[in-house]
**Q** 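Please find one structure pasted underneath; my questions will follow.
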Amino acid sequence: MSGVFSPTRAKIKERTLRTDKWWLEPAITFGVLFSFVIYATFRAFEGANYYKDHLISPFYSPCLSEACVPEATIFGFTPVSAEIFNFALSPALIILIFPLGFRMTCYYYRKAYYRSFWLSPPACAVAEPHTKYTGETRAPLILQNAHRWFFYAGLVFNVFLTYDAIISFKSVEGEWGHMSVGSLVLVVSSTLLWFYSLSCHTCRHTVGGRLKHFSKHPIRYKVWTWVSALNHKHQQFAWYSLAGVAFADIYVRQVATGAWTNFYFF
Amino acid sequence: MARKLNLRIWRGDATDGGLKDVQVDVNEGEVVLDVIHRVQATQMGDLAVRWNCKAGKCGSCSMEINGKPRLACMTQVASFDENETITVTPLRAFPVIKDLVTDVSFNYKKAMEIPAYEPPKDLAPGEARMQQVDVERSQEFRKCIECFLCQDTCHVIRDHEENKPSFAGPRFFIRIAELDMHPLDMLKNRKRTAQEEHGLGMCNITKCCTEVCPEHIKITDNAIIPMKERVVDIKYDPARMFAGLLKREKRN
Amino acid sequence: MTAKESTLQREKYDVLIIGAGGAGLRAAVEAREAGLSVAIICKSLFGKAHTVMAEGGAAASMGNVNDKDNWMVHFRDTMRGGKFLNHYRMAELHAKEAPDRIWELEMWGALFDRTQAGKISQRNFGGHEYPRLAHVGDRTGLEIIRTMQQKIVQLQQKDGREFGDMEAKIKVFAECTITEILKENGKIAGAYGYWRESGEEVLFEAPAVVIATGGVGKTFKITSNSWEGTGDGHALALKAGANLVDMEFLQFHPTGMVWPPSVRGILVTESVRGEGGILTNSLGERFMFKYIPDVFKDKYADNEEEADRWYLDQDNNRRPPELLPRDEVARAINSEVKAGRGTEHGGVFLDVSKRIPAEVIKKRLPSMWHQFYELAGVDITKEAMEVGPTCHYVMGGVEVEPDTAAAIGVPGLFAAGEVAGGMHGSNRLGGNSLTDLLVFGRRAGEGAVNYVKSAGANPVSDASIKAAADRIEAPFSRAGGENSYALHAELQEVTHNLVGIIRTRTEIEEAVIKIADIRARSKNVAVSGGRLFNPGFHLAFDLDNMLLVAESTAKSALLREESRGGHTRDDFPGMNMKWRQMNNIASFDGNQVNIKAQPLPVLPKELFDLFDVHELEKYMTPEEIAKGGSN
């Protein structure tokens, strides 16, 4: 018997005496994240319906494979062969590791999935089911320490996705100065991604958190206070940006399959 | 307006014990500690409970109320439904002594293991100059009233007794962070020992410590995560480690 | 030898410190750094001492904010606050050494709030002429306790490197109550007590004992003190043969919370007024202007305009009357409430919400904001607080030698902090207690070190041990006796109603009789349950201490026929210059407390000369003035 049932602890047979709906939050988190993973997996393998009339799905950008729709590439830059080890990879699979890694190692998502998927613990003061626990001290979880590399990569992706959002201000014929619902969707989605990245704990550490004396670095301190303010809302940005990306992809897919028509304001 | 409250109190000691139901008067504006005191004065003269200031400043009356780690003096009876039974138990991460009192000596042992503040060698008393912006981060952690609710709720030791020797717990991670961010502290290896000796890597940042902190210290966001990032700087970031060598930065 | 004696836990140290608040810990540091072995005993867990409750700050004339400040100004303020009943030497040492004690804390890791120049910031406080209180938001006491706690850990780590055991030379014994100080051959030999957790008994053998047990608030019904403030050190010292000086002087903090009842007594820091909070009665009147005593007329504004200007320009305006010394404000609130101008819960309004923006309140008074929001459901940035007087601090205490903190009459016994008397005279200025702890805690440690070096060990006799053990066993052997909770409540009613903030002869006489009666009945207290962490059993011993304190207070109050500082007699409303020259000394003959008046040491010439003679004329007789101090 370990944990709260150890021989020295107060003899209480319940795993928890909480009377509130402590299971609700992990259950919702599980539901939403699981649905996202299913959808994202399906889309990543689909390898189609990710581009239409200057709208590109964030799941497929930057599109680096020779298999990409030429218009979806960045000036035709396709360094990755269409087939790796004789296996046709969807262009999404080549790049997905980066945004996925950023979210997997994110300090907020870690809390979310450790609680809801791994039940370690399911909620505060609710005994977890595991008999052994070593935290993030050994492989594979020690790789969580690579978060900053995914953060840097995430910034590069944000540049691409922002570029995609700008491109979407073209008409079907390729003329600048037009705007559609699709452009709005991409602008919102890429903006949320910026907020998500910039509010990240690693970002906060990088801009100033690692300093010992703020007073000797007034500009970095100022930036740190801004990032800290955003950091308070990191959890919200994590969800909003996830929803933003998912919706942007759904939108592009619907337009690409012809299910929806991309309405142009002007 | 006194009304009757149904209270379930864990009574017992290290050998055995269980929840006992009592009915007790409660008045408007009272906190759980008031009610426990009334039980003590009128029904159970030997009911053991720790408390001191009754104002949320000393962190003595830590217990679990309806399963949540809380200060009894900061828990309003009015925050529960009128006919709800309130269950109070001792902290479940520490050995019980009697009734609501647990043996929290684990925390004092850990306190002794954290290397003390080290002032600059040539600094005379009265000559220290520090800017407010440089002390504010550490000041947040020095708000800690040592109620040990964060230690109690942390599943690393709550659910795994065997981790106690190798894990200092959230209260002492903020102590380490406080010293590492102290503008005048000269000790150089706090980050490394945090990871290698005090078990910072065991934390999986599920944030329960922050949730229960009565002082609203942002334990996870402002201490543990920044310390984890500082550890990455010296242990898991080849680029920074290389740059550090080039700059001959002290490996702290 | 009986079985009990053979299994008795025995601990041997050079210095035994009873109380782990600011004074006790400072004494411990001093004694350990001088090379002695030290035991620290605390009644609760380590770090929970009442020192954590101190909010406003620690007064030290560092002159960081106003460079006109120096020890002489601080000394003058302290004497004025105490209505010249202070032991001048204590006030002098305190004023001179306070800055060093604060700077020392900084060297141990304390993080005070800073000025622009990076020095320790200092704030205004009642009775202090210049901004003088080093502070950390409104949790200064916590900072001081934690710093000292961590300093002890640092010393332990050093011992660990040297002796292989961190607790080899300095050890904290938490949750331990001392029931008796033991003497052999007229000198201190140790102390006897029990573990609160197990109820088992323990003997400490030590040639020097430092008492640093703090206050007596729990003797009263409405108090800001925690359960620990039961006057243990006062009673232990009395019973060991020491004297208590001026026990009639109790400080009622003017602003305790009055609503809701569960938080009654809890302190609202003076900084609320320092930051601009004003007091109004139920008519909306800012009443403090009516209560400025003549002696303060030239220091305090008599109109709202000037009072408000002071917050912006302190050099050219007199301060608002809300910042008068605590006794004045407490009496004023008491009078307003008695005159029917109080709030429905018997207090007055204290308001910051109309004068200070909400963010500033939360930044400058964070724990006050929390305290009201979480304990009482009141948002002080939006509405006024309801406040009234609460028993906060006892100025009286063990009579000591100022330089060594040695208790007079008991070789080897020392006392520092709130438990010691004399330093604050008839009324303590806010902020002076934190530095009192540090200055005299250090001196007590030093005094103990010097004493131990000259006096050898003094073994405890078996007879003393048996007597102490029997006393602890007694309540368990009685059946169907008095309930200690009920007696405690009864005592609190007596002190509250009869020797509270306003006193009169007939009431005090009644109190003396009633306290004697409760004491007689307390000899018959019975305890239910076993020894294991049994609060009923604990209270039985605390009660005994409170009864001795209450008796000393009542009898001293009866003798002193004047009103001064923390002692107000309805039948003798003014100060009496003859009484200013007298201390009331309480001693215990084994049966009851006896009081005698004893002349106060005369201010030496160099300190006398620090004052304007016209000011002294308000306190001193023409003969005293003519002499111009001693020498």
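Letters A, B, ... are given to chains in the order of the sequence lines, protein chains preceding strands, and every chain is numbered from 1.
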**Q** Chain C heavy atoms under 4.5 Å from Q76(B): which part of the residue, side chain, backbone, both or neither?
**A** side chain
**Q** For chain B, which of D100(C), I266(C), D113(C) has the most heavy-atom pairs under 4.5 Å?
**A** D113(C)
**Q** Who wins among G529(C), G536(C), G109(C) for the most heavy-atom pairs under 4.5 Å with chain B?
**A** G109(C)
**Q** In Å, rounded to the nearest 0.5 Å, how long is the span from CE of M130(B) to CD1 of I120(C)?
**A** 7.5 Å
**Q** Where on E175(C) is there a heavy atom nearer than 4.5 Å to chain B: the side chain, the backbone, both, or neither?
**A** side chain
**Q** Is there any residue in residues 55-62 of chain B with a non-hydrogen atom under 4.5 Å from a non-hydrogen atom of chain C, and which ones are they?
**A** A55(B), K57(B), C58(B), G59(B), S60(B)
**Q** With a 4.5 angstrom heavy-atom cut-off, which part of E118(B) approaches chain C: side chain, backbone, both or neither?
**A** neither
**Q** With a 4.5 Å cut-off on heavy-atom pairs, point out which of V49(B), I145(B), L179(B), L184(B) contacts chain C the most.
**A** I145(B)
**Q** Quick one: do Y485(C) and Q40(B) satisfy side chain to side chain contact (heavy atoms under 4.5 Å, CB included)? Show the steps, please.
**A** CA-CA 9 Å; Y485(C) 294 100; Q40(B) 203 180 45; 3.4 Å; yes
**Q** Using heavy-atom distances under 4.5 Å, tell me whether V135(B) contacts chain C through its side chain, its backbone, both, or neither.
**A** both
**Q** Tell me, which pairs form a salt bridge (charged side-chain N to carboxylate O under 4.0 Å, His left out) where one or both residues lie in residues 123-134 of chain B, sequence neighbours left out?
**A** none
**Q** Just wondering, are more than 12 heavy atoms of other shown residues or ligands nearer than 6.0 Å to OH in Y373(C)?
**A** no
**Q** Select one option (side chain, backbone, both, neither) describing which atoms of N483(C) are under 4.5 Å from chain B's heavy atoms.
**A** side chain
**Q** Give a yes or no on whether the backbone of M112(B) and the side-chain of Q157(C) come within a donor-acceptor separation of less than 3.5 Å.
**A** yes
**Q** I'd like to check the salt bridge (Lys or Arg N to Asp or Glu O under 4.0 Å) partners of K119(C); sequence neighbours left out, ordered by chain and number.
**A** none
**Q** Name all residues meeting the side-chain contact (heavy atoms from CB on, under 4.5 Å) criterion together with S528(C); count only those two or more places apart in sequence or in a different chain, and write none if there are none.
**A** none
**Q** Which pair of non-hydrogen atoms, one from K98(B) and one from L532(C), has the smallest distance, and what is that distance?
**A** NZ-O, 3.0 Å
**Q** Between M107(C), K158(C), Q156(C), Q371(C), which shows the greatest number of heavy-atom pairs under 4.5 Å with chain B?
**A** M107(C)
**Q** Using side-chain heavy atoms (C-beta onward) and a distance below 4.5 Å, is L45(C) in contact with R50(B)?
**A** yes
**Q** Between CG of L123(B) and CH2 of W103(C), what distance do you get to the nearest 0.5 Å?
**A** 12.5 Å
**Q** Please identify, among T75(B), L47(B), L33(B), V31(B), the residue contributing the most non-hydrogen atom pairs under 4.5 Å to chain C.
**A** L47(B)
**Q** Side chain, backbone, both or neither: which part of S484(C) has an atom under 4.5 Å from a heavy atom of chain B?
**A** neither
**Q** Looking at A117(C) and Q131(B), what are the two nearest heavy atoms and their distance?
**A** C-NE2, 4.0 Å
**Q** Under 4.5 Å from any heavy atom of chain C, what part of D13(B) do you find: side chain, backbone, both or neither?
**A** side chain
**Q** Who among L539(C), N225(C), L142(C), V527(C) has the most heavy-atom pairs with chain B under 4.5 Å?
**A** L142(C)
**Q** Does any backbone or side-chain atom of F112(C) lie under 4.5 Å from a heavy atom of chain B? Answer side chain, backbone, both or neither.
**A** backbone
**Q** Measure distances from D34(B) to the heavy atoms of chain C and classify the residue's part below 4.5 Å as side chain, backbone, both or neither.
**A** side chain
**Q** Can you tell which of E178(B), M44(B), R175(B) has the highest number of heavy-atom pairs within less than 4.5 Å of chain C?
**A** R175(B)
**Q** Count the heavy-atom pairs under 4.5 Å between each of Q139(B), M74(B), K54(B) and chain C, then report the option with the highest count.
**A** Q139(B)
**Q** I need the residue from E215(B), H37(B), H216(B) with the largest number of non-hydrogen atom pairs under 4.5 Å to chain C.
**A** H216(B)
**Q** Is K48(C) positioned over the aromatic face of Y108(B), cation under 6.0 angstrom from the ring centre and no more than 45 degrees off axis?
**A** no
**Q** Roughly how far, to the nearest 0.5 Å, is NZ of K143(B) from CZ of R139(C)?
**A** 8.0 Å
**Q** Looking only at heavy atoms and a cut-off of under 4.5 Å, which of G45(B), P119(B), C53(B) has the most pairs with chain C?
**A** G45(B)
**Q** Any chance CZ of R114(C) has more than 12 other-residue heavy atoms, nucleotides or ligands included, within less than 6.0 Å?
**A** yes
**Q** Side-chain contact, heavy-atom cut-off 4.5 Å: D103(B) with E197(C)?
**A** no
